[in-house]
Amino acid sequence: MKALILVGGFGTRLRPLTLTLPKPLVEFGNRPMILHQIEALAAVGVKDIVLAVNYRPEIMTAALQKYEEEYGVNITFSVETEPLGTAGPLKLAEKILGKDDSPFFVLNSDVICDYPFNQLVEFHNSHGNEGTIVVTKVEEPSKYGVIVHKPDHPSRIDRFVEKPVEFVGNRINAGLYILNPSILKRIELRPTSIEQETFPAMVKDGQLHSFDLEGFWMDVGQPKDFLSGTCLYLTSLTKKNSKLLTPASESFVNGGNVMIDPSATIGKNCKIGPNVVIGPNVQIGDGVRLQRCVLLQGCKVKEHAWVKSTIVGWNSTVGRWARLENVSVLGDDVTIGDEVYCNGASVLPHKSIKANVDSPSIIM
Ligand code: GDD
Ligand code: MG
């Protein structure tokens, strides 16, 4: 089987992290976001994976080549000279996606869930039309693509509205599709949107169906959602009794859902959790309190710091008695001084913060 992952876009909403790494390589649950998808695709027998890239392809190529062997897949980089949107990249990869009559998967790279690929193939084959998109329910549908069904049909889509201004429904496009190669005829090689052009045309012809996702789902393309998605992901691992989590019996674990890389060091009398991810080589000092946060590789949290709802970027340092909260995001190599308070601070790489940040702001 074949798949294309849309990994373009500048990831601006995930700044300052994406100033250092392209969004798909930012670690989610201690692994590059895109690896969750590559692993799930390999597990259902996908052999050919196209990565549609338009931004800093050299970093992506270097990072992902090693996974080809690990997961037994061929990864091809399809590099756009200008951003081709969400449909143009499919046309650009026509040679691979259209090499036989079998359907292919298309994935947005920033979507985290229990990927239901086996059931999706089965359902898609059962209706025999051109495309199936995975849908999920959300409370705030306006930032997504919304689907509405035909009244007389359980799965055939009647309308697809991208980022609706007025409420049309709460079932949204989860950013995972399976499509027949025939849809490539609908797409021209130019910047074009699958949501705004291809899907509405397929809907008109009665060729697009929906498949309901079970379990958690999150587009983790912005810090607030990255943190919420981390909580959902850790909760799903807890339900599965996953070995990736630190046992709740550890004295410092509070409330579970804690993932700690084995190379990290934890000081005395810490209270960690719930919903914390600690990356490789992270150093946690004595008496540190962590909750609902992600600490990326090589960062250091000094004694008695208090970190909540925060992403601490690679190699950053949080000072003694510092207090971080309310979706603060530190880029690579940031230093937060001792006793400094950060409320929703978004701090660009290599900055040193010596004074309190009392209200949400970007520090550059
Ligand atoms: N190769 C390539 N080229 N990829 C692109 C380009 C491009 O020009 N533009 C965007 N992408 C990729 C992004 O990297 C991402 O993986 C995917 O296409 C979707 O773009 P986003 O910018 O993340 O879109 P969104 O989150 O606002 O909306 C999309 O996702 C929602 C679900 O999370 C839409 O598909 C919505 O309909 C959907 O509900
Ligand atoms: Mg997105």
Side-chain angles (χ1 to χ4, degrees), residues 3-15 17-18 21-26 28 32-34 36-38 49-57 59-61 75-94 96-97 105-113 115 131 133-148 157 159-164 168-177 179 187 189-200 202-203 208 210-211 213 216-226 228-229 232:
L4 178 139
I5 309 181
L6 288 160
V7 285
F10 294 101
T12 43
R13 287 172 294 184
L14 201 54
R15 279 184 190 156
L17 301 175
T18 44
L21 272 189
K23 181 164 73 171
L25 294 184
V26 172
F28 178 88
M33 258 186 221
I34 198 166
H36 294 263
Q37 302 187 319
I38 292 177
I49 301 180
V50 181
L51 298 187
V53 193
N54 63 45
Y55 164 73
R56 299 171 74 180
I59 304 183
M60 294 281 304
T61 3
I75 298 179
T76 309
F77 286 81
S78 176
V79 183
E80 296 146 52
T81 46
E82 64 169 327
L84 290 178
T86 47
L90 276 63
K91 191 70 175 179
L92 190 65
E94 189 167 22
I96 297 176
L97 300 179
F105 295 104
V106 176
L107 277 51
N108 287 350
S109 65
D110 51 6
V111 164
I112 288 288
C113 64
Y115 306 100
I133 69 179
V134 177
V135 304
T136 185
K137 278 190 186 157
V138 294
E139 274 166 26
E140 186 34 75
S142 62
K143 49 180 187 170
Y144 305 105
V146 175
I147 67 125
V148 182
I157 298 173
R159 276 175 79 200
F160 185 102
V161 192
E162 184 64 13
K163 316 261 157 61
V168 279
N170 64 351
R171 299 177 79 209
I172 62 130
N173 167 21
L176 313 168
Y177 325 125
L179 305 168
I187 303 171
L189 189 59
R190 60 172 170 87
T192 158
S193 157
I194 201 164
E195 296 88 353
Q196 313 221 15
E197 300 189 49
T198 321
F199 287 160
M202 290 170 73
V203 163
L208 194 60
S210 71
F211 173 89
L213 181 69
F216 77 104
W217 176 89
M218 189 60 81
D219 177 333
V220 295
Q222 37 190 315
K224 187 170 158 282
D225 297 339
F226 188 93
S228 306
L232 295 173

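We count ligands from 1, going down the list as the structure has it; atoms in each ligand are counted the same way. Scope of the values below: all heavy atoms of this structure, side chains included, with no hydrogens, waters or symmetry mates.
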Trainee: Take every heavy atom of Trp217, measure it against each atom of ligand 1, and state whether any distance is under 4.0 Å.
Mentor: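 Contact present.
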
Trainee: Would Val168 and Phe160 count as a side-chain contact (heavy atoms from CB on, under 4.5 Å) if you check the C-alpha gap in whole Å, the side-chain angles of each, and the deciding distance to 0.1 Å?
Mentor: CA-CA 10 Å; Val168 279; Phe160 185 102; over 6 Å; no

Trainee: Which bit of Ile194 gets closer than 4.0 Å to ligand 1, counting heavy atoms only: side chain, backbone, both or neither?
Mentor: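 Neither part.
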
Trainee: For ligand 1, which atoms, with element, lie under 4.0 Å from some heavy atom of Glu195?
Mentor: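 Reading through ligand 1 atom by atom, the close ones are 34 (C), 35 (O), 37 (O).
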
Trainee: Please give me the minimum heavy-atom distance between Pro89 and Glu80, naming the atom from each residue.
Mentor: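 Here Pro89 and Glu80 meet closest at CG-OE2, 3.5 Å.
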
Trainee: Should Ala52 be counted as touching ligand 1, given the test is an N or O pair under 3.5 Å?
Mentor: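 Between Ala52 and ligand 1, an N or O pair is found under 3.5 Å apart.
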
Trainee: Let me check something: any side-chain donor-acceptor pairs from residues 140-148 under 3.5 Å, sequence neighbours excluded? List them with distances.
Mentor:
{"unit_1": "Glu140", "atom_1": "OE2", "unit_2": "Ser142", "atom_2": "OG", "d": "2.4"}
{"unit_1": "Lys143", "atom_1": "NZ", "unit_2": "Asp225", "atom_2": "OD2", "d": "3.0"}

Trainee: Out of all atoms in ligand 1, which are within 4.0 Å of some heavy atom of Leu84? Include the element for each.
Mentor: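 So the answer, numbered in order with elements, is 8 (O).
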
Trainee: How many protein atoms of type N/O/S are positioned less than 2.8 Å from the Mg ion (ligand 2)?
Mentor: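 Those protein atoms number 2 in total.
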
Trainee: Nearest heavy-atom pair of Thr86 and Ser193: which atoms, and what distance?
Mentor: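 Answer, listing the atom of Thr86 first, then Ser193: OG1-CA, 3.5 Å.
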
Trainee: Enumerate the atoms of ligand 1 whose separation from the nearest heavy atom of Pro83 is less than 4.0 angstrom.
Mentor: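 Once the distances to Pro83 are compared, the set is 8 (O).
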
Trainee: Heavy atoms only: give me the nearest Ile5-Ser109 pair and the separation to one decimal.
Mentor: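 Minimum heavy-atom separation between Ile5 and Ser109: CG2-CB, 3.8 Å.
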
Trainee: Closer than 4.0 Å to some heavy atom of Tyr177 - which atoms of ligand 1 meet that?
Mentor: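 Within the 4.0 Å cut-off of Tyr177, ligand 1 contributes 35 (O).
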
Trainee: Ligand 1 versus Thr86, non-hydrogen atoms closer than 4.0 Å: side chain, backbone, both, neither?
Mentor: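 Contact part for Thr86 vs ligand 1: side chain (C-beta onward).
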
Trainee: Could you go step by step and tell me if Leu51 and Thr61 meet the side-chain contact (heavy atoms from CB on, under 4.5 Å) rule?
Mentor: CA-CA 9 Å; Leu51 298 187; Thr61 3; over 6 Å; no

Trainee: Could an N or O of ligand 1 be found under 3.5 Å from any N or O of Phe160, whether backbone or side chain?
Mentor: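 By distance alone, the answer is no.
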
Trainee: What's the verdict on side-chain contact (heavy atoms from CB on, under 4.5 Å) for Leu176 and Cys113, showing C-alpha distance, side-chain angles and the deciding distance?
Mentor: CA-CA 10 Å; Leu176 313 168; Cys113 64; 3.8 Å; yes

Trainee: Show the nearest heavy-atom pair for residues Leu92 and Ser78, with the distance to one decimal.
Mentor: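 Smallest heavy-atom distance, with atoms named: CD2-OG, 3.5 Å.
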
Trainee: Would you indicate which of Ala87, Gly8, Gly85 comes nearest to atom 8 (O) of ligand 1 when only heavy atoms are counted?
Mentor: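 Checking each option, the heavy atom nearest atom 8 (O) of ligand 1 is found in Gly85.
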
Trainee: Determine whether the side chain, the backbone, both or neither of Ser109 has a heavy atom under 4.0 Å from any heavy atom of ligand 1.
Mentor: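 The answer is both, backbone and side chain.
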
Trainee: Do the side chains of Asn108 and Tyr177 get nearer than 4.5 Å, heavy atoms only?
Mentor: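 They are in side-chain contact.
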
Trainee: If you look at every heavy atom in Trp217 and Asn173, which pair is closest and at what distance?
Mentor: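 Shortest heavy-atom separation between Trp217 and Asn173 comes out as CZ2-O, 4.4 Å.
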
Trainee: Backbone, side chain, both or neither: what part of Ile5 comes under 4.0 angstrom of ligand 1, heavy atoms only?
Mentor: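 Under 4.0 Å from ligand 1, Ile5 contributes no heavy atoms.
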
Trainee: Going by heavy-atom distance to atom 27 (O) of ligand 1, choose the closest among Lys143, Met218, Lys163, Glu162.
Mentor: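 The option holding the nearest heavy atom is Lys163.
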
Trainee: Of all residues at least two apart in sequence or in a different chain, which pass the side-chain hydrogen bond (donor to acceptor under 3.5 Å, both in side chains) check with Thr136?
Mentor: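 Checked Thr136 against side-chain hydrogen bond (donor to acceptor under 3.5 Å, both in side chains); zero matches.
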
Trainee: Would you mind telling me if ligand 1 is within reach of the side chain of Arg13, the backbone, both or neither, using heavy atoms under 4.0 Å?
Mentor: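 Just the side chain.
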
Trainee: Start with the C-alpha gap between Ile133 and Ile157, add the side-chain angles, then the distance that decides, and say whether side-chain contact (heavy atoms from CB on, under 4.5 Å) holds.
Mentor: CA-CA 10 Å; Ile133 69 179; Ile157 298 173; 3.8 Å; yes

Trainee: If the condition is side-chain hydrogen bond (donor to acceptor under 3.5 Å, both in side chains), which residues does Thr198 pass it with, not counting sequence neighbours?
Mentor: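 So Thr198 forms no side-chain hydrogen bond (donor to acceptor under 3.5 Å, both in side chains) with any residue.
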
Trainee: Below a 4.0 angstrom heavy-atom separation, can you tell me which part of Asn54, side chain or backbone, both or neither, approaches ligand 1?
Mentor: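 Only the side chain of Asn54 comes within reach of ligand 1.
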
Trainee: Which atoms of ligand 1 are found less than 4.0 Å from any heavy atom of Val7?
Mentor: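 So the answer, numbered in order with elements, is 14 (O).
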
Trainee: Decide whether an N or O pair under 3.5 Å exists between Ile172 and ligand 1.
Mentor: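 Min N/O separation from ligand 1 is not below 3.5 Å for Ile172.
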
Trainee: Got Leu90 and Leu179 here, is their nearest side-chain heavy-atom distance under 4.5 Å?
Mentor: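 Yes, at least one pair of side-chain atoms sits under 4.5 Å.
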
Trainee: Among Leu25, Val7, Leu14, which residue satisfies the side chain to side chain contact (heavy atoms under 4.5 Å, CB included) criterion with Met33?
Mentor: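 Option passing the side chain to side chain contact (heavy atoms under 4.5 Å, CB included) with Met33: Leu14.
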
Trainee: Would one find an N or O of Pro89, backbone or side chain, under 3.5 Å from an N or O of ligand 1?
Mentor: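 So ligand 1 has no N or O lying under 3.5 Å from an N or O of Pro89.
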
